[in-house]
Participant: 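My structure is below; once you've seen it, I'll send some questions.
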Amino acid sequence: MAVSGSKCRSCKEPAVIDLPRHNANFCAEHLLQLCRRQVTKAIEDYSMFSPDDRILVAVSGGKDSLAVWDMLVEAGYEADGFYVGLGIGDYSDESGRFVHAFAEERGLTLLSTDLRSDFGYDIPTAARASKRVPCSVCGLSKRHLFDKAAIDGGYDVVVTGHNLDDEAAVLLGNVLHWDVDYLARQLPVLEARDGFPRKAKPLVRLTERETAAWCVIRGIDYLVEECPIAAGNRHLHHKDVLNAIEKESPSTKSAFYNNFIENMAPLLAEHGSVSSGDLQHCTRCGAPTSGEVCAFCRLVATASPHEPVPVELVLGRRGRR
Ligand code: FES
Ligand code: ZN
Ligand code: ZN
């Protein structure tokens, strides 16, 4: 990470990181300061939450979710963690270890659930049983469980570690397909509605390189490896495309995302505020749903009777990049 010979923009001490999009280099302390400033700005500009709110941070063991949990606790927020064991072989075992170690070392409250022991399935099995791509059943499971944990625990907001790279990549995908429904809801904060909790993404102004630097400087051990069955998905390809553009023309990525939020999102606001129709309570779990049984309970019914599918089989079917 060190940048030989260069100096921090703020204090002129030796720099540890260069950030072309800011056209500057930073020492460890001033990099942390930059991260804090960007997170505070996101929380305030988008009215994400206030110091009185109880926050539930969805943690995966990766750099972003642990960094955002660390930043919120450091800033004095009341933030607990929530971890979902996805049953993706060694990847999930490792990620669970990082999350538990982080919480224990800092004396933080960590809630958790495990798909296999609590619901009788895991992500590879659910993908095979439902004939859907793993990321789709994974997203559905996590969204449902985050919402439920927040509502049951009386939390005011669910925080996720989505960073600028994630959001810009998803935005690019939505733009390429002109998916207006998704575009209208691709906001840094979504208000609580129809029985769903408020959701916020305080890292939208930081890149993944910056959150990784935060973790290294703050001594946070995180799982570096990416999810093995997400390799090759559309989202990662869009990240590569944006990185190639960013390399040629620094700060394009942040302009792409920030100008969307500033200039386009307000034009789509009305579209996004349309309610998802008449919602009722799922007859099995009580979650809001448009049908009788919610998508999560339907997935549990499909996946839990299925013989467990080892993660290698899902890998073999999708291939690696
Ligand atoms: Fe969800 Fe990989 S973490 S599919
Ligand atoms: Zn400095
Ligand atoms: Zn349900």
Participant: Both conditions, 6.0 Å and 45 degrees, for the charged tip of R185 above the ring of Y182: are they met here?
Facilitator: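 Not flagged: R185 not positioned over aromatic ring of Y182.
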Participant: If we ignore angles and hydrogens, is there a donor and acceptor under 3.5 Å between the side chains of D80 and W69?
Facilitator: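 No - no donor-acceptor pair under 3.5 Å links their side chains.
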Participant: State, to 0.1 Å, how close H100 and S112 come at their nearest heavy-atom pair, and which atoms those are.
Facilitator: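 Scanning both residues, the minimum pair turns out to be NE2-OG, 4.4 Å.
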Participant: Can you list every pair that meets salt bridge (Lys or Arg N to Asp or Glu O under 4.0 Å) and has a residue in residues 108-121, with sequence neighbours left out?
Facilitator: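 Only R116-D122 qualify under salt bridge (Lys or Arg N to Asp or Glu O under 4.0 Å).
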Participant: Can you tell if the side chain of C8 reaches within under 4.5 Å of the side chain of E29, non-hydrogen atoms only?
Facilitator: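 Counting from C-beta outward, C8 and E29 never come under 4.5 Å.
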Participant: Are the charged groups of E167 and K201 less than 4.0 angstrom apart, N to O?
Facilitator: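 Looking at K201 together with E167, the answer is yes, because their closest N to O distance falls below 4.0 Å.
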Participant: Tell me whether T125 contacts the main-chain N or O of V309 through its side chain, where contact means a donor paired with an acceptor under 3.5 Å.
Facilitator: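 Here the side-chain-to-backbone pair exists.
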Participant: May I have the step-by-step check of side-chain contact (heavy atoms from CB on, under 4.5 Å) for M71 and R218, ending in yes or no?
Facilitator: CA-CA 10 Å; M71 289 177 194; R218 295 273 296 168; over 6 Å; no
Participant: Do E208 and L203 touch side chain to side chain, with heavy atoms closer than 4.5 Å?
Facilitator: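 Of all side-chain heavy-atom pairs linking L203 with E208, none is under 4.5 Å.
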Participant: So, for N25 and A15, which heavy atoms are closest and what is the spacing to 0.1 Å?
Facilitator: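 So the two residues come closest at CB-CB, 3.5 Å.
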Participant: Once you measure the plane-to-plane angle for F26 and H22, does it fall in the parallel (<30°), tilted (30-60°) or perpendicular (>60°) bin?
Facilitator: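 Perpendicular: the ring planes of F26 and H22 meet at over 60°.
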Participant: Closest approach of S254 and R21, non-hydrogen atoms and distance?
Facilitator: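 In this case the closest contact between S254 and R21 is CB-NH1, 3.7 Å.
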Participant: Would F119 and F296 satisfy ring-ring contact (aromatic ring centres under 6.0 Å, His included), going step by step from the backbone distance to the final call?
Facilitator: CA-CA 10 Å; F119 299 97; F296 177 76; 5.2 Å; yes
Participant: Starting from the C-alpha separation in whole Å, work towards a yes-or-no answer on side-chain contact (heavy atoms from CB on, under 4.5 Å) for L299 and S130.
Facilitator: CA-CA 7 Å; L299 181 66; S130 66; 4.1 Å; yes
Participant: Quick check for you: to the nearest 0.5 Å, what is the distance between L183 atom CG and H177 atom NE2?
Facilitator: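 One finds 11.5 Å between CG of L183 and NE2 of H177.
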Participant: Distance only, no hydrogens: is a donor on one side chain within 3.5 Å (strictly under) of an acceptor on the other, for D64 and N163?
Facilitator: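 Yes, side-chain donor-acceptor contact under 3.5 Å.
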Participant: Could you verify whether a donor N or O on one side chain and an acceptor N or O on the other, from S249 and T252, lie under 3.5 Å apart?
Facilitator: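 Yes, T252 and S249 have a side-chain donor paired with an acceptor closer than 3.5 Å.
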Participant: Can you check ring-ring contact (aromatic ring centres under 6.0 Å, His included) on Y222 and F102, steps first, answer last?
Facilitator: CA-CA 9 Å; Y222 63 88; F102 177 90; over 10 Å; no
Participant: Taking atom CD of E226 as the centre, report whether more than 12 heavy atoms of other residues, nucleotides or ligands fall under 6.0 Å from it.
Facilitator: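 No, not enclosed.
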Participant: For the residue pair L31 and L19, establish whether any side-chain heavy-atom pair is separated by less than 4.5 Å.
Facilitator: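 SC-SC contact between L31 and L19 confirmed.
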Participant: Hey, does the side chain of T302 reach the backbone of R298 with a donor-acceptor pair shorter than 3.5 angstrom?
Facilitator: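 Such a contact is found between T302 side chain and R298 backbone.
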Participant: Sub-3.5 Å donor-acceptor pair from the side chain of E246 to the main-chain atoms of S251, do we have one?
Facilitator: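 Answer holds: yes.
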Participant: Tell me yes or no: between the side chains of S141 and Y121, is some donor less than 3.5 Å from an acceptor?
Facilitator: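 Yes, because at least one side-chain N or O of S141 sits under 3.5 Å from a partner of the opposite role on Y121.
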Participant: Taking it one step at a time, do T113 and F82 satisfy side-chain contact (heavy atoms from CB on, under 4.5 Å)?
Facilitator: CA-CA 8 Å; T113 188; F82 179 60; 3.8 Å; yes
Participant: Can you list the residues that meet the side chain to side chain contact (heavy atoms under 4.5 Å, CB included) rule with D45, with sequence neighbours excluded?
Facilitator: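 So D45 forms a side chain to side chain contact (heavy atoms under 4.5 Å, CB included) with K41.
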Participant: Under 6.0 Å from the NE2 atom of H306, do we count more than 12 heavy atoms belonging to anything else shown?
Facilitator: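 More than 12 within 6.0 Å, yes.
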Participant: How many angstroms lie between atom OG of S92 and atom CD1 of I123, to the nearest 0.5 angstrom?
Facilitator: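 That separation rounds to 8.0 Å.
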Participant: Is there a side-chain contact between Q186 and L171, using heavy atoms and a 4.5 Å cut-off?
Facilitator: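 Answer yes - side chains close enough.
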Participant: Quick one: do D166 and K239 make a salt bridge, cutoff under 4.0 Å?
Facilitator: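 A salt bridge is present here (some side-chain N lies under 4.0 Å from a carboxylate O).
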Participant: Using side-chain heavy atoms (C-beta onward) and a distance below 4.5 Å, is P14 in contact with K7?
Facilitator: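 Not touching, per the 4.5 Å side-chain cut-off.
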Participant: May I ask you to check whether N243 and K253 show a side-chain donor-acceptor distance below 3.5 Å?
Facilitator: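 The criterion, which ignores hydrogens and geometry beyond distance, is satisfied for K253 and N243.
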Participant: Check the pair D53 / R198 against salt bridge (Lys or Arg N to Asp or Glu O under 4.0 Å), numbers first and verdict last.
Facilitator: CA-CA 11 Å; D53 283 334; R198 192 190 325 158; 3.6 Å; yes
Participant: Once salt bridge (Lys or Arg N to Asp or Glu O under 4.0 Å) is applied, what residue pairs with a partner in residues 137-155 remain, sequence neighbours excluded?
Facilitator: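 Counting only pairs at least two positions apart or across chains, the salt bridge (Lys or Arg N to Asp or Glu O under 4.0 Å) contacts touching residues 137-155 are D147-K199, K148-D152.
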Participant: As an exercise, state the distance from CD of E210 to SG of C35, rounded to the nearest 0.5 Å.
Facilitator: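 Interatomic distance, E210 CD to C35 SG, rounded to 0.5 Å: 6.0 Å.
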Participant: Can you confirm whether N263 is buried at CG, in the sense that more than 12 heavy atoms of other residues, nucleotides or ligands lie under 6.0 Å from that atom?
Facilitator: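 Above 12, so yes.
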Participant: Please check if the side chain of R9 supplies one atom and the backbone of C27 the other of a donor-acceptor pair under 3.5 Å.
Facilitator: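 No: the side chain of R9 does not pair with the backbone of C27.
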Participant: Roughly how far, to the nearest 0.5 Å, is the CG atom of L115 from the CG atom of L145?
Facilitator: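 Between atom CG of L145 and atom CG of L115 there are 6.5 Å.
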Participant: Is the closest basic N to carboxylate O distance between R209 and D18 below 4.0 Å?
Facilitator: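 Counted as a salt bridge, because a side-chain N and a carboxylate O are separated by less than 4.0 Å.
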Participant: Strictly by modelled atom types, are Y83 and S65 linked by a side-chain donor-acceptor pair under 3.5 Å?
Facilitator: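 Result is no, nothing qualifies.
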Participant: Give the minimum heavy-atom separation between A79 and V57, together with the two atoms involved.
Facilitator: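 Nearest pair, atom of A79 first, then V57: CB-CG2, 4.0 Å.
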Participant: Are W214 and V39 close enough, and set up right, to give a side-chain contact (heavy atoms from CB on, under 4.5 Å), and what steps lead you there?
Facilitator: CA-CA 12 Å; W214 173 277; V39 166; over 6 Å; no
Participant: When rounded to the nearest 0.5 angstrom, what is the spacing between CG in L111 and OG1 in T109?
Facilitator: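 Those atoms lie 7.5 Å apart.
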Participant: Please report the interatomic distance CZ(F49) to CG(L72), rounded to the nearest 0.5 Å.
Facilitator: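 Output value for this atom pair is 5.0 Å.
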Participant: Looking at C285 and C294, what are the two nearest heavy atoms and their distance?
Facilitator: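 Looking at all heavy atoms of both residues, the closest pair is SG-SG, 3.7 Å.
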